[in-house]
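Written below as structure tokens is the structure these notes are about.
These figures come from a predicted structure and were not determined experimentally.
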Amino acid sequence: MAEKPDRKEHEFMVAGVEPAPESSLDGVAVTLVDARGGRVRLHMNPDMAELLRERVSAALNKTTGP
């Protein structure tokens with residue numbers, strides 16, 4: 001019997017990233033745009049934004065090498 005997909009997850013292939021226009025000084029917001037034009041806005045506090053930056057940087061280093 002095939003497993004049912006987890007309805008709490010959504011695969012989102014990012015086609016664009018935009019700064020959210022209402023970003024405040026106490027946080028970071030970006031809008032991710034998928035290939036179909038769907039949008040997801042991420043709001044993060046500065047600590048979470050830094051953690052995301054570090055993890056994306058580490059992932060890029062793995063694919064491009066030292």
Side-chain angles (χ1 to χ4, degrees):
M1 183 167 154
E3 289 185 35
K4 292 182 181 179
D6 186 355
R7 296 197 183 268
K8 294 179 184 176
E9 287 188 21
H10 172 72
E11 290 289 326
F12 195 88
M13 302 304 291
V14 178
V17 178
E18 307 166 353
E22 68 278 349
S23 291
S24 64
L25 294 176
D26 61 340
V28 175
V30 293
T31 301
L32 304 177
V33 184
D34 72 8
R36 294 181 182 173
R39 294 173 178 270
V40 173
R41 185 163 295 140
L42 299 177
H43 295 269
M44 299 166 276
N45 65 33
D47 293 334
M48 189 59 64
E50 178 62 20
L51 180 61
L52 178 61
R53 187 198 66 76
E54 290 171 2
R55 292 199 175 165
V56 168
S57 179
L60 287 171
N61 287 340
K62 285 181 182 178
T63 60
T64 59

Do [X] and [Y] belong to the same hydrophobic cluster, where Ile, Leu, Val, Met, Phe, Trp and Tyr are linked whenever their side-chain heavy atoms lie under 4.5 Å apart, directly or via other members?
X   : Y   : answer
L60 : L51 : yes
V14 : V40 : yes
L52 : V30 : yes

Subject >> For the student: nearest non-hydrogen atoms of A15 and A35, plus distance >> reply: CB-N, 3.8 Å
**OP:** Please lay out, stage by stage, how D34 and M13 fare under the test side chain to side chain contact (heavy atoms under 4.5 Å, CB included).
**Re:** CA-CA 6 Å; D34 72 8; M13 302 304 291; 5.7 Å; no
**OP:** Give every residue pair that meets the salt bridge (Lys or Arg N to Asp or Glu O under 4.0 Å) criterion with at least one member in residues 42-54, sequence neighbours excluded.
**Re:** E50-R53
Original post:
Excluding sequence neighbours, so at least two apart, what forms side-chain contact (heavy atoms from CB on, under 4.5 Å) with A49?
Top reply: V28, M44
